[in-house]
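Below: the structure, in structure tokens.
The structure displayed is predicted, hence computed values, not measured ones.
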Amino acid sequence: MTAVHRDGPFVADVVIPVYNEGRNIRGVLDSLKAVASPLRILICYDFDEDDTLAALADYDPSPLLVVPIRSRGRGVPDAILSGFEASTAPYVITYPGDDDFNGPRVDALLRLAADGHDIVCASRFMPGGSMDGCPLLKAVLVRMGAFVAYHVARVPTRDASHALRLFSRRVLDSLPIESTRGFAFSLELLVKAHRLRWPIAETPFIWRERRAGRSRFRVLAWLPEYLRWVGYAVATTFMRRGQGDVRLREGVRLVQQR
């Protein structure tokens, strides 16, 4: 795998947690080559025998820069946190290891971030977005959670739980991640930014059930963590919990409120 630099700094780091995504990863990177802005791709893996690495051994990622990151532990949360810790770009995008079709839409995330939004959500539930082939139980729970977050808690996105999301440097440098299961970190950062009244936007994306490999999404096992953060959002709206209730990283002070 050859690391290829573009001229100038990277606008965004794309964090991709992988677990044997050998059949998918080349298509994912080919899709991301359509993005106009300079990207660095952080491939976050758990173990050296992961077939994702073998699939990239003779792959030419140009014009991307692809960097393998060994996770500090096992599972999605550790992989994501390892990617966040390795990131340095102004924006960080969390991206699925089997998504080989949304690359051209990433520029929309970056345009909204450049307009001053701290979080930009890839929304499956707004006009132009879709969720296709989702198992029934997962679809029902995801849509219910999205409905409550948007219509009841008034979080300004119609897709609060989607893990494909852009975060500003301010979000990652200011807010510690408390979630320990699945992709709940994405909802957690969203509802904390909402309580801080930081700018949030959304843009339509599509979601398709994976064609190759086995999904590691565990609906029932992860549900309590997601409910915790939906409750956090409800408390912001109905219990008047304010910015002073948001846990920040050590040494961080909210100098400027928006």
Side-chain angles (χ1 to χ4, degrees), residues 1-19 21 24-46 50 52-53 56 59-73 75-100 102-122 162-177 179 183 185-186 188-190 193 198-201 203 205 249:
M1 177 171 55
T2 305
V4 179
H5 291 269
R6 280 171 151 170
D7 293 333
F10 296 104
V11 172
D13 287 324
V14 181
V15 174
I16 305 180
V18 297
Y19 183 85
E21 294 287 3
N24 298 312
I25 196 62
R26 289 189 174 208
V28 174
L29 297 178
D30 287 343
S31 178
L32 289 170
K33 290 177 180 181
V35 180
S37 300
L39 301 179
R40 181 172 65 160
I41 314 299
L42 305 180
I43 303 291
C44 304
Y45 64 98
D46 288 354
D50 190 309
T52 310
L53 303 179
L56 293 175
Y59 177 76
D60 179 7
S62 179
L64 306 170
L65 170 66
V66 176
V67 180
I69 302 292
R70 175 69 181 263
S71 175
R72 63 185 190 181
V76 171
D78 282 329
I80 291 291
L81 287 173
S82 298
F84 285 170
E85 290 169 359
S87 69
T88 57
Y91 308 114
V92 177
I93 299 168
T94 50
Y95 204 86
D98 65 324
D99 186 331
D100 58 3
N102 272 312
R105 296 172 181 258
V106 168
D107 280 315
L109 296 176
L110 294 168
R111 283 194 296 270
L112 287 166
D115 287 341
H117 296 94
D118 279 293
I119 294 182
V120 186
C121 304
H162 197 7
L164 201 169
R165 185 160 291 168
L166 178 146
F167 303 98
S168 71
R169 190 84 257 154
R170 175 165 77 154
V171 170
L172 298 184
D173 288 348
S174 302
L175 303 176
I177 294 175
S179 300
F183 296 97
F185 74 91
S186 188
E188 174 189 348
L189 292 175
L190 175 69
W198 289 353
I200 297 166
T203 186
F205 268 62
R249 291 188 182 275

The single option from Val120, Val15, Leu189, Leu175 passing side-chain contact (heavy atoms from CB on, under 4.5 Å) against Phe167: Leu189
Between Ser87 and Arg169, a side-chain donor and acceptor under 3.5 Å: yes
Leu42 side, atom CG; Ile69 side, atom CD1 - distance, nearest 0.5 Å: 5.0 Å
Leu109 to Ala122 - nearest heavy-atom pair and separation: CD2-N, 4.3 Å
Tyr59 side chain to Ile25 backbone, donor-acceptor under 3.5 Å: no
Whether Arg249 side chain and Leu172 backbone form a donor-acceptor pair below 3.5 Å: yes
Side-chain (Ser82) to main-chain (Asp78) donor-acceptor, under 3.5 angstrom: yes
Trp198 CH2 to Arg170 CZ distance, which is reported to the nearest 0.5 Å: 4.5 Å
Given Leu29, Asp13, Leu64, the one that forms side-chain contact (heavy atoms from CB on, under 4.5 Å) with Leu39: Leu64
Working for side chain to side chain contact (heavy atoms under 4.5 Å, CB included), residues Thr88 and Phe10: CA-CA 9 Å; Thr88 57; Phe10 296 104; over 6 Å; no
Side-chain heavy atoms of Tyr45 within contact of Pro68, under 4.5 Å: yes
From Phe185 atom CZ to Ile80 atom CD1, the distance as rounded to the nearest 0.5 Å: 4.0 Å
Heavy-atom closest contact (Pro104 atom, Ala34 atom, distance): CG-CB, 4.1 Å
Nearest-0.5 Å distance that lies between atom CG in Asp46 and atom CZ in Arg72: 12.0 Å
Residues Val171, Ser168; criterion side chain to side chain contact (heavy atoms under 4.5 Å, CB included); working and verdict: CA-CA 5 Å; Val171 170; Ser168 71; 3.5 Å; yes
Heavy-atom donor-acceptor pair, His117 side chain to Leu112 backbone, under 3.5 Å: yes
Nearest-0.5 Å distance, CD1 of residue Ile41 to NZ of residue Lys33: 10.5 Å
Heavy-atom side-chain contact between Val76 and Tyr19 under 4.5 Å: no
Any side-chain heavy-atom pair of Asp100 and Asp30 under 4.5 Å: no
Side-chain heavy atoms of Arg40 within contact of Val14, under 4.5 Å: no
Test item: side-chain donor near acceptor, Thr203 and Arg111, under 3.5 Å: no
Distance-minimising heavy-atom pair for Pro17 and Ala79: CB-CB, 3.9 Å
Exercise: identify the closest heavy-atom pair between Gly97 and Asn24: O-CB, 3.5 Å
Side-chain donor-acceptor pair present, Asp118, Tyr91, cut-off under 3.5 Å: no
Donor-acceptor pair between Thr52 and Glu21 side chains, under 3.5 angstrom: no
Close side-chain approach of Cys44 to Ile16, heavy-atom, < 4.5 Å: no
Chi angles and distances behind the side chain to side chain contact (heavy atoms under 4.5 Å, CB included) call for Ser37, Asp107: CA-CA 7 Å; Ser37 300; Asp107 280 315; 4.0 Å; yes
Asp99 side-chain N/O to Asn102 backbone N/O, donor-acceptor pair under 3.5 Å: yes
Minimum heavy-atom distance Pro176-Ser174, with the two atoms named: CD-O, 3.6 Å
Audit row: Leu56, Ile43, side chain to side chain contact (heavy atoms under 4.5 Å, CB included) steps and yes/no: CA-CA 10 Å; Leu56 293 175; Ile43 303 291; 4.3 Å; yes
Spacing of CG belonging to Leu166 relative to CD1 belonging to Ile93, to within rounding of 0.5 Å: 5.0 Å
